[in-house]
Amino acid sequence: MPKMTGAKLLAQTVHGYGIGTVFFVPYIAPRALMEMESLGIKRVQARGEKAAAYMADAYARVRRAPSLCMAQSVGAVNLAAGLQDAWLSCSPVVAVTGREWQEHQLRHAYQEVDHMAPFSAVTDYNAYVAKPEELSHHLRQAFRAATTGTPRPTHLDLQGIDGGAVVNVEADLEVIVEEQFASLPPFRPTADQESIEEALALLSRAQRPVIVAGGGVTTSDARAELIAMAEKLSIPVATALNAKAMFPADHPLAVGVPGSYSRACSNQILCQADLVFYIGSHTGGQLTNNYTIPPPGVRVVQLDINPAEIGRNYPVQAGLQGDVRDTLRRMLATAESAPPRDDWIKRVQTLVREWKAEVSEHYNSDKSPMRPERLCKELSEHLPSDAILVSDTGHSGVWTGTMLDLRHPDQSYIRCSGSLGWGMPASIGAKCAAPERPVLCFTGDAGIWYHLAELETAARCGVNTVIAVNNNHSLNQERDGVEAIYGGTTAGSDELWLFDDADFASIADSMGCLGITVTKPSEIAGALERAFAADRPVVIDVKTDVEGIAPRAWVPS
């Protein structure tokens with residue numbers, strides 16, 4: 001084996017796995033960062049560890065491949081906190097941190113706390129690396145664990161506060177890259193034929209079936225197969241937020257997003273179904289509105305690459321363990337075309353049409369300040385055909401999930417899985433993953449405040465993402481709950497959800513970005529055109545109505 005430093009091994013391994021951008025907060029592995037520069041890897045130095053993790057999360061999701069984020073010892077637990085979203089979204093992020101020397105452990109070393117416990121909550125592989133000879137093995141295992149089965153983050157803790165005991169030392173080292181684990185999914189097993197035939201028999205006998213497509217459809221790149229399955233078996237399709245782009249919004253079988261961040265019609269349709277086919281879905285609390293939609297007792301068929309997920313939240317009539325794309329292909333080859341379920345399809349389409357009529361007043365409103373529903377309409381109509389839409393959580397997730405239609409097959413959607421403020425730094429990671437595509441972040445004023453400093457990161461690093469701020473100068477999602485506690489509107493209750501009306505366009509200008517202010521729906525198309533043509537990051541400050549509060553999820557009476 002050739003002699004090389006751990007830094008060169010790390011850089012060449014990362015390069016071999018196809019990672020073109022690394023996200024970090026110094027001081028971590030500077031020798032490795034130098035080696036990465038020589039290989040053409042872009043180094044994005046974030047202003048905070050959580051933001052670096054968010055960037056890496058989005059980078060991995062857009063590429064459907066592993067990513068890398070790094071932080072030194074004192075920032076390690078901050079980085080672990082940032083991996084929560086990657087964990088919840090099943091994103092293959094590899095995290096590298098430094099740690100104090102072993103002989104300093106458990107002795108109140110300066111700035112040191114235990115790293116292994118925080119990372120164990122948000123990773124599938126969590127290893128301590130004491131010397132360079134151990135690095136190759138743990139790197140390979142980190143990439144394997146990140147990409148295999150349900151994708152998840154992994155973590156390597158290198159000895160030395162900047163990892164120097166591992167990366168700065170020369171040893172007999174070998175770069176080994178297992179290309180199979182450089183993209184998702186590394187394996188494509190298919191469900192056995194007996195299970196496929198059992199599932200198809202249940203689907204054919206159902207009178208009111210619904211498909212619920214989850215993030216596994218996106219990971220497996222199974223959009224075409226999902227559409228073909230729905231059409232061949234005449235089954236309506238609801239999509240989790242993580243699969244929003246996997247089924248055409250204007251398809252006659254399209255139901256929309258169910259659960260907590262949902263359309264009323266989607267929840268109504270699932271509550272009327274007599275069989276639900278979950279495809280690549282964890283059937284989690286948000287998608288099912290805390291396991292109430294569909295109601296317990298509904299018959300379920302479930303397909304997932306991870307057998308531990310099958311039947312976790314809903315007992316199954318038939319379970320299919322396999323990769324979504326290739327198992328759907330086998331099902332399509334086996335299944336006979338189903339006769340149209342005319343009565344059921346008409347019922348589904350009626351519920352969707354009634355919901356659209358119910359929201360049309362705000363969706364088409366010309367009032368100023370703008371309704372967020374109208375903002376979503378304008379974005380639906382004017383987003384570029386190959387745009388990547390990055391959504392924050394809270395109201396941003398509700399509005400983009402329910403009201404913003406993706407109308408072109410080459411558009412993509414990724415969303416925050418829990419941590420408000422994820423959206424803006426995530427859009428930086430998404431743009432690094434696909435620099436040739438337009439990227440739009442949808443966030444609110446409450447969301448952008450979390451990591452506002454990352455606008456400087458985007459400008460300094462030349463990452464020209466576009467951030468649309470639903471600026472209602474509030475956390476208005478919290479208003480009803482706060483005022484219920486107070487018994488009405490008071491000065492004290494207002495303090496808990498109202499903000500001053502910030503000028504985010506001016507803030508963006510001051511940080512080297514372009515700021516655009518929008519007050520009318522008619523201005524959005526021109527603002528988008530100007531933003532995507534700009535040679536720098538852009539913030540579009542959209543002044544919206546503080547009364548634009550998303551309705552609560554529909555539930556059965």
Side-chain angles (χ1 to χ4, degrees), residues 10 13-19 53 56-69 80 83-96 116 119-129 134-157 175-192 195 213-222 225 240 242-243 278-284 302-312 319-330 414 417 433:
L10 176 58
T13 301
V14 167
H15 185 257
Y17 279 97
I19 295 174
D57 175 15
Y59 182 87
R61 285 200 248 170
V62 169
R63 292 182 64 245
R64 294 195 183 104
S67 63
L68 179 68
C69 58
L83 288 179
Q84 173 178 281
D85 264 270
W87 171 264
L88 294 171
S89 296
C90 307
S91 184
V93 178
V94 177
V96 171
M116 301 305 285
F119 278 98
S120 68
V122 291
T123 62
D124 251 3
Y125 185 74
N126 184 20
Y128 165 53
V129 184
E134 300 170 357
L135 184 57
S136 180
H137 165 75
H138 287 298
L139 270 174
R140 288 188 292 113
Q141 186 58 30
F143 281 98
R144 287 197 297 269
T147 56
T148 303
T150 300
R152 295 289 198 190
T154 58
H155 170 236
L156 301 183
D157 208 15
V175 176
I176 301 176
V177 174
E178 297 171 319
E179 294 184 7
Q180 186 169 11
F181 303 98
S183 61
L184 297 177
F187 301 105
R188 289 192 180 273
T190 55
D192 63 273
S195 296
V217 178
T218 303
T219 300
S220 187
D221 195 16
E225 289 75 15
N242 285 338
Y278 285 104
I279 301 178
S281 167
H282 284 173
T283 64
Q302 190 170 358
L303 163 61
D304 204 278
I305 197 168
N306 185 349
E309 296 301 331
I310 298 173
R312 180 189 291 272
L320 304 166
Q321 191 267 317
D323 168 67
V324 168
R325 188 196 71 184
D326 283 10
T327 298
L328 286 182
R329 286 180 178 178
R330 181 174 287 186
I414 61 172
S417 289

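Predicted model only: the values in this text are computed from it and were never measured.
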*Residue of the set T219, V217, D304 for which side chain to side chain contact (heavy atoms under 4.5 Å, CB included) holds with V324*: V217

Minimum heavy-atom distance [X]-[Y], with the two atoms named:
X: G149; Y: I305; answer: O-CG2, 3.8 Å
X: P92; Y: A65; answer: CG-O, 3.6 Å
X: T327; Y: P189; answer: OG1-O, 3.8 Å
X: C90; Y: T150; answer: SG-CG2, 3.6 Å
X: G18; Y: R63; answer: O-NH2, 2.9 Å
X: P186; Y: T147; answer: CD-O, 3.0 Å

State whether a side-chain donor-acceptor pair under 3.5 Å links [X] with [Y].
X: T190; Y: D326; answer: no
X: Y128; Y: H138; answer: no
X: D323; Y: S220; answer: yes

*Without swapping roles, check the side chain of R152 against the backbone of T123 for a donor-acceptor pair under 3.5 Å.*
no

_Test your reading of the model: is there a side-chain donor-acceptor pair from R330 to the backbone of A191, 3.5 Å cut-off?_
yes

_Working note: W87 + V93, criterion side chain to side chain contact (heavy atoms under 4.5 Å, CB included); need CA distance, chi angles, decisive distance, verdict._
CA-CA 9 Å; W87 171 264; V93 178; over 6 Å; no

*Taking the side chain as C-beta and beyond, is there a heavy-atom pair between F119 and T154 under 4.5 Å?*
no

*Just wondering, do Y125 and L156 contact through their side chains at under 4.5 Å, heavy atoms?*
yes

Taking atom [atom1] of [X] and atom [atom2] of [Y], what is their separation to the nearest 0.5 Å?
X: L10; Y: L68; atom1: CG; atom2: CG; answer: 6.5 Å
X: L320; Y: I310; atom1: CG; atom2: CD1; answer: 7.0 Å
X: S91; Y: D85; atom1: OG; atom2: CG; answer: 9.5 Å
X: R144; Y: Q180; atom1: CZ; atom2: CD; answer: 10.5 Å
X: H15; Y: T13; atom1: NE2; atom2: OG1; answer: 11.5 Å
X: N306; Y: Q321; atom1: CG; atom2: CD; answer: 8.0 Å

*With F187, which residues qualify under ring pair (Phe, Tyr, Trp, His ring centres under 6.0 Å), at least two apart?*
F181

_Does R325 form a side chain to side chain contact (heavy atoms under 4.5 Å, CB included) with R188? I'd like the steps, not just the answer._
CA-CA 8 Å; R325 188 196 71 184; R188 289 192 180 273; 3.1 Å; yes

*Can you name the residues that form a side-chain hydrogen bond (donor to acceptor under 3.5 Å, both in side chains) with Q302, not counting sequence neighbours?*
none

*asked:* If the condition is side-chain hydrogen bond (donor to acceptor under 3.5 Å, both in side chains), which residues does T148 pass it with, not counting sequence neighbours?
replied: none

*Assess whether side chain to side chain contact (heavy atoms under 4.5 Å, CB included) is satisfied between T218 and R61, documenting all intermediate values.*
CA-CA 9 Å; T218 303; R61 285 200 248 170; over 6 Å; no

*Kindly indicate, with the supporting measurements, whether the criterion side-chain hydrogen bond (donor to acceptor under 3.5 Å, both in side chains) is fulfilled by N126 and S120.*
CA-CA 6 Å; N126 184 20; S120 68; 5.0 Å; no

*When you look at V94 and V14, which way does the side chain to side chain contact (heavy atoms under 4.5 Å, CB included) test go after all the steps?*
CA-CA 10 Å; V94 177; V14 167; over 6 Å; no

*Pick out which of E134, E178, E179 makes a salt bridge (charged side-chain N to carboxylate O under 4.0 Å, His left out) with R140.*
E178

*asked:* Is it the case that atom CD in Q84 sees more than 12 heavy atoms from other parts of the structure closer than 6.0 Å?
replied: no

_N-O pairing of R329 and E225 below 4.0 Å_ = yes

